[in-house]
Amino acid sequence: QVQLVESGGGLVQAGGSLRLSCAATGRTFSSYAMGWFRQAPGKEREFVATINWSGGSTYTTNSVKGRFTISRDNAKNTVYLQMNSLKPEDTAVYYCAAKFGGVVAFASYESNYWGQGTQVTVSS
């Protein structure tokens, strides 16, 4: 069993930065690929970025490429999402997800565990 707790969301002006964190419980964190997904009001949950178990490979959706960076620290059981140059269209609830195994990218329906989400609001 893995529990995921996100933090770091908030209100920021366009062009600003935030760093989201997702802390995982359990001793098998490094057995999981980790990811960030987001859901804006009235829209479906969408993929943002994923990272493999070692942190050596990542996959990022085109709309945030060059602005968002996913990373992980297995010693701290934590995955991060550094978000720079934020835009109003980045406003959403951001969710952390975990998928067991050696994959790099995974879809939301493939996730084994989810966090409760953290709100990110970007004002124009």
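- A pairwise comparison of heavy atoms in Val2 and Ala24 identifies CG1-CB, 4.2 Å as the closest pair.
- Under the 4.5 Å side-chain contact rule for hydrophobic residues, Ile70 and Tyr80 do not share a cluster.
- How far CZ of Arg19 is from OG1 of Thr69: 11.5 Å, rounded to the nearest 0.5 Å.
- Remark: the backbone N or O of Gln3 is paired with a side-chain donor or acceptor of Thr25 at under 3.5 angstrom.
- Placement of Val93 and Leu81 in two distinct hydrophobic clusters is found when ILVMFWY residues are connected by side-chain heavy-atom separations under 4.5 Å, directly or transitively.
- Remark: Asn112 CG to Ser31 OG distance equals 11.5 Å, nearest 0.5 Å.
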*Run the numbers on Leu20 and Val120 for side chain to side chain contact (heavy atoms under 4.5 Å, CB included), then give the verdict.*
CA-CA 9 Å; Leu20 305 183; Val120 172; 4.0 Å; yes
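- Summarising the geometry, atom OG belonging to Ser30 is positioned 11.5 Å from atom CG belonging to Asp73; distances are rounded to the nearest 0.5 Å.
- Using a 4.5 Å cut-off between side-chain heavy atoms of Ile, Leu, Val, Met, Phe, Trp and Tyr, with links allowed through other members, Phe68 and Phe106 fall into different hydrophobic clusters.
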*Dump the intermediate steps for ring pair (Phe, Tyr, Trp, His ring centres under 6.0 Å) on Phe37 and Tyr95, then the final yes or no.*
CA-CA 5 Å; Phe37 296 78; Tyr95 297 91; 8.9 Å; no
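- Ala92 approaches Ala40 most closely through the heavy-atom pair CB-N, 3.8 Å.
- Counting heavy-atom neighbours within 6.0 Å of Tyr59 OH, excluding the residue itself, gives a total of 12 or less.
- A donor-acceptor pair is defined here as one N or O able to donate and one able to accept, closer than 3.5 Å; such a pair exists between the side chain of Ser54 and the backbone of Gly56.
- In this structure, Thr50 contributes its side chain and Val104 its backbone to a donor-acceptor pair below 3.5 Å.
- Side-chain atoms of Asp90 do not come within 3.5 Å of backbone N or O of Val122 as any donor-acceptor pair.
- Side chains of Leu86 and Leu18 form a contact here, defined as non-hydrogen atoms less than 4.5 Å apart.
- Considering OG of Ser57 and CD1 of Ile51, their distance stands at 8.5 Å, rounded to 0.5 Å.
- Relative to the ring axis of Tyr109, Arg45 does not place its NZ or CZ within 45° and under 6.0 Å from the centre.
- Atom-to-atom distance recorded for Ser7:OG and Gln116:CD is 8.5 Å, nearest 0.5 angstrom.
- Both Phe47 and Val103 belong to a common hydrophobic cluster when Ile, Leu, Val, Met, Phe, Trp and Tyr are linked at side-chain heavy-atom distances under 4.5 angstrom.
- Ring orientation note: the planes of Phe100 and Tyr32 are nearly perpendicular, at an angle over 60° on the 30°/60° scale.
- Ala14 approaches Ser124 most closely through the heavy-atom pair CB-CA, 4.4 Å.
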_Set out, in order, the CA-CA distance, both residues' side-chain angles and the distance that settles side chain to side chain contact (heavy atoms under 4.5 Å, CB included) for Val79 and Cys96, then state yes or no._
CA-CA 8 Å; Val79 62; Cys96 176; 3.8 Å; yes
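- Summarising the geometry, atom CD belonging to Glu89 is positioned 9.0 Å from atom OG belonging to Ser63; distances are rounded to the nearest 0.5 Å.
- Panel note: side chain Asn52, backbone Gly55; a donor-acceptor pair is recorded below 3.5 Å.
- Between the side chain of Thr118 and the main chain of Gly9, a donor-acceptor pair closer than 3.5 Å is present.
- Proximity of a side-chain donor or acceptor of Thr78 to a complementary backbone N or O of Lys76 within less than 3.5 Å is detected.
- Side chains of Ser17 and Asn84: a donor-acceptor N/O pair is present below 3.5 angstrom, by distance only.
- Between the side chain of Glu6 and the main chain of Gly117, a donor-acceptor pair closer than 3.5 Å is present.
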*Does the pair Tyr113 and Gln1 meet the rule for a side chain to side chain contact (heavy atoms under 4.5 Å, CB included), with working shown?*
CA-CA 8 Å; Tyr113 300 102; Gln1 186 77 9; 3.9 Å; yes
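- Between Tyr94 and Arg38, the side chains place a donor N or O and an acceptor N or O closer than 3.5 Å (distance only, hydrogens not considered).
- Taking hydrophobic clusters as Ile, Leu, Val, Met, Phe, Trp and Tyr residues chained together by side-chain heavy-atom distances below 4.5 Å, Met34 does not share a cluster with Trp114.
- Using a 3.5 Å distance cut-off with no hydrogens or angles, the side chains of Glu110 and Ser108 do not pair a donor with an acceptor.
- With contacts defined as side-chain heavy-atom distances shorter than 4.5 Å, the pair Ser71/Gln82 does not qualify.
- Shown here is Lys65, whose NZ atom has more than 12 heavy atoms of other residues, nucleotides or ligands within 6.0 Å.
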